Number of protein chains: 2
Amino acid sequence: MTSLPSGLLGDLDPTSDRAVFRQIADQLREAIDRGRFTEGAKLPSEAELVEHYGVSRMTVRNSFSVLQGEGLVHAEHGKGVFVRPRPPVRRLASDRFARRHREQGKSAFIVEADAAGSHPQVDSLEVKEEKASQDISTRLGSVRRVLARRRRYLLDGKPVEFAASYLPLDIARGTAIAEPNPGPGGIYARLEELGHRLDHFEEEIRARMPAPAEVKTLRLASGVPVIHLIRTAYDTEGRAVEVCDTVMAADAYVLSYQLPAT
Amino acid sequence: MTSLPSGLLGDLDPTSDRAVFRQIADQLREAIDRGRFTEGAKLPSEAELVEHYGVSRMTVRNSFSVLQGEGLVHAEHGKGVFVRPRPPVRRLASDRFARRHREQGKSAFIVEADAAGSHPQVDSLEVKEEKASQDISTRLGSVRRVLARRRRYLLDGKPVEFAASYLPLDIARGTAIAEPNPGPGGIYARLEELGHRLDHFEEEIRARMPAPAEVKTLRLASGVPVIHLIRTAYDTEGRAVEVCDTVMAADAYVLSYQLPAT
DNA sequence: CTTACCCACTCGTCTATACGAGTATGCCTG
DNA sequence: CAGGCATACTCGTATAGACGAGTGGGTAAG
């Protein structure tokens, strides 16, 4: 084992009342912030830090877990601990549901990803009728059963978003909306063809840490929150015609909205 | 030490290849989800779990740290580990900057909190001229120096949001905007009085884990992400007249937006 | 030259122990 | 009765050691 380049990391302050593992985490964080370790770079191994600081291995691991919780680094079994690279973000503009975007052929996700030069993919398609949850039922105006469309979106092989759409059966049953592929322009285009002219959307945004199932389907690194977006589509008669519940890897998205000052 | 109520938590599966600390975390998580432990309830102590499962204390602590990372529980030194209560959320509606809201007296934050029956507070006020960061400069259209207004918002004593507004000096210097208290209707009202009629706002939303400084100012529990919102205000001539950079405790907010379907 | 194996290095999991520090409770003292 | 202290409980920090498992490189065998 070779020792650490001197000057890269400092020493501990034994007089400080800050816990040793926090001091180590602080030094590593600062080194990352200063660019001593760039994106994707490998941090010193546990053994190297144990030797450098003269502490036990659990203490070093504790430091790493602090940084992992902050989403700064991630560990790879058998390889090392690395500065977490920031994935390219998808920007969702507030006009993304404008009618003119629907009037062309392909799905918004595909078009946009192609334009950005990345490889889009949609999988885990599931379309079925089911009982509406309490929340969905309320949002759709007390419907009991709904058509549920679930799918997962990937960019360059990385899952970035998991979405579930819910529609009242009297609208969706037996239409193209109930097909795995609803056709050009997506379900919003189909809804308008069916006479449900869309008026506006309402979006609710929360952020939180993912549940274990979400970690799995989105293959999330530790320290990455999710953005939880619930969109309700209203037609010109004020009826809620669809609710879309999506969970997004927070490190892959920037949402953007325009608000009138009126 | 009294032993655990039987049936509350199960046993370990030694044949499983799932790590012991994960199995324990799973059982605790499930018990919480099922309502066996309600909000604010105290989980079994480390010592109790050590005895119940027959594992070492570090293993139990490891389980707790998993749940902490998920934002499900939080530990209190000397007291125990508790199911994290969900604080009341502030809902930010998309019409919150409508002119009619500005035309009344008090600040939006105060009015809204009073209406919700909670005790609002604003502190850490700082108003000063400074060099614009690269990002702020770009958003404001290449200004070098700006007026910065920083403040922290609290609800019932709990910090929920930290905001920094930046304005070009040629607009703000020497006006009420440069005063600690900009007067009724806030700085947007002052901007309009100064002839900068507001046209629209643009908001960019990200979510991420907080930096240590943010954990401190917002007194965030572990496992709570932040919502990072950057709003740019444009006047009717298309000029960016203000950028507001706010960091919010994600567990205290739901953002809500209306999008036209046009 | 290629393949297979071994080994060194990495992080992952778990045990056992020790002491420190914050909290709450009850008892004892004044 | 009030105040203070002792105590037992809580989590926080740190050590030292063990074994397991994934990775990658080098070496030896084919």
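Because the structure is predicted, anything quoted here is derived from the model rather than measured. The chains referred to below are lettered A, B, ... by the order of the sequence lines, with proteins before strands, and numbering in each begins at 1.
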A.B. asks: Establish, with yes or no, whether the OP1 or OP2 oxygen of C/dG12 is under 4.0 angstrom from a side-chain nitrogen or oxygen of A/Arg61.
C.D. replies: yes
A.B. asks: Can you tell me the distance, in whole Å, between the CD1 atom of A/Ile24 and the C1' atom of D/dT15?
C.D. replies: 13 Å
A.B. asks: Given A/Phe21, which partner from the list A/Asn62, A/Asp26, A/Val55 fulfils the side chain to side chain contact (heavy atoms under 4.5 Å, CB included) test?
C.D. replies: A/Asn62
A.B. asks: For a quick check, tell me whether the side chain of A/Arg57 and the base of C/dG12 share a donor-acceptor pair closer than 3.5 Å.
C.D. replies: yes
A.B. asks: Check the distance between C/dG12's P and A/Phe64's CZ and give it to me in whole angstrom.
C.D. replies: 10 Å
A.B. asks: Nearest nucleotide by nearest heavy atom, which residue falls closer to the 5' end of DNA chain D, A/Met58 or B/Ala75?
C.D. replies: B/Ala75
A.B. asks: Take atom CG of B/Asn62 and atom P of C/dA16, then tell me their distance rounded to the nearest Å.
C.D. replies: 16 Å
A.B. asks: From the options C/dT10, D/dT23, D/dA14, select the nucleotide whose nearest atom is closest to the side chain of A/Lys79.
C.D. replies: D/dT23
A.B. asks: Does A/Thr59 make a side-chain N or O approach to OP1 or OP2 of D/dT13 shorter than 4.0 Å?
C.D. replies: no
A.B. asks: Nearest of D/dT13, C/dT10, C/dA21 to any side-chain atom of A/Ala19?
C.D. replies: D/dT13
A.B. asks: Reckon A/Arg18 touches a base, only the sugar-phosphate, or nothing at all at heavy-atom distances under 4.0 Å?
C.D. replies: nothing
A.B. asks: In whole Å, what is the span from the CG atom of B/Leu49 to the C1' atom of C/dT15?
C.D. replies: 17 Å
A.B. asks: Under a 4.5 Å cut-off applied to non-hydrogen side-chain atoms, are A/Pro210 and A/Leu218 in contact?
C.D. replies: no
A.B. asks: Please test A/Ile230 against A/Arg139 for side-chain contact (heavy atoms from CB on, under 4.5 Å), starting from the C-alpha separation and ending with a verdict.
C.D. replies: CA-CA 10 Å; A/Ile230 301 170; A/Arg139 290 175 195 269; 3.7 Å; yes
A.B. asks: Take atom CZ of A/Phe82 and atom P of C/dT10, then tell me their distance rounded to the nearest Å.
C.D. replies: 11 Å
A.B. asks: Got a sec: does the NZ of B/Lys42 have more than 12 other heavy atoms crowding it under 6.0 Å?
C.D. replies: yes
A.B. asks: With respect to the side chain of B/Phe21, which nucleotide from C/dT13, D/dA21, D/dC11 is positioned closest?
C.D. replies: C/dT13
A.B. asks: To the nearest angstrom, how far is A/His74 atom NE2 from C/dC11 atom C1'?
C.D. replies: 13 Å
A.B. asks: Taking A/Leu255 as the fixed residue, which of A/Glu203, A/Arg91, A/Met248 is the one that meets the side chain to side chain contact (heavy atoms under 4.5 Å, CB included) rule?
C.D. replies: A/Met248
A.B. asks: Mind calculating the distance between CG (A/Leu12) and C1' (D/dT13) to the nearest angstrom?
C.D. replies: 14 Å
A.B. asks: Can you tell me how far C1' of C/dC9 sits from CD of A/Glu76, to the nearest Å?
C.D. replies: 15 Å
A.B. asks: So if I take every side-chain heavy atom of B/Ser56 and compare against C/dA16, D/dT13, C/dG20, which nucleotide ends up nearest?
C.D. replies: C/dA16
A.B. asks: Of B/Val55 and A/Gln68, whose nearest nucleotide on DNA chain C comes first from the 5' end?
C.D. replies: A/Gln68
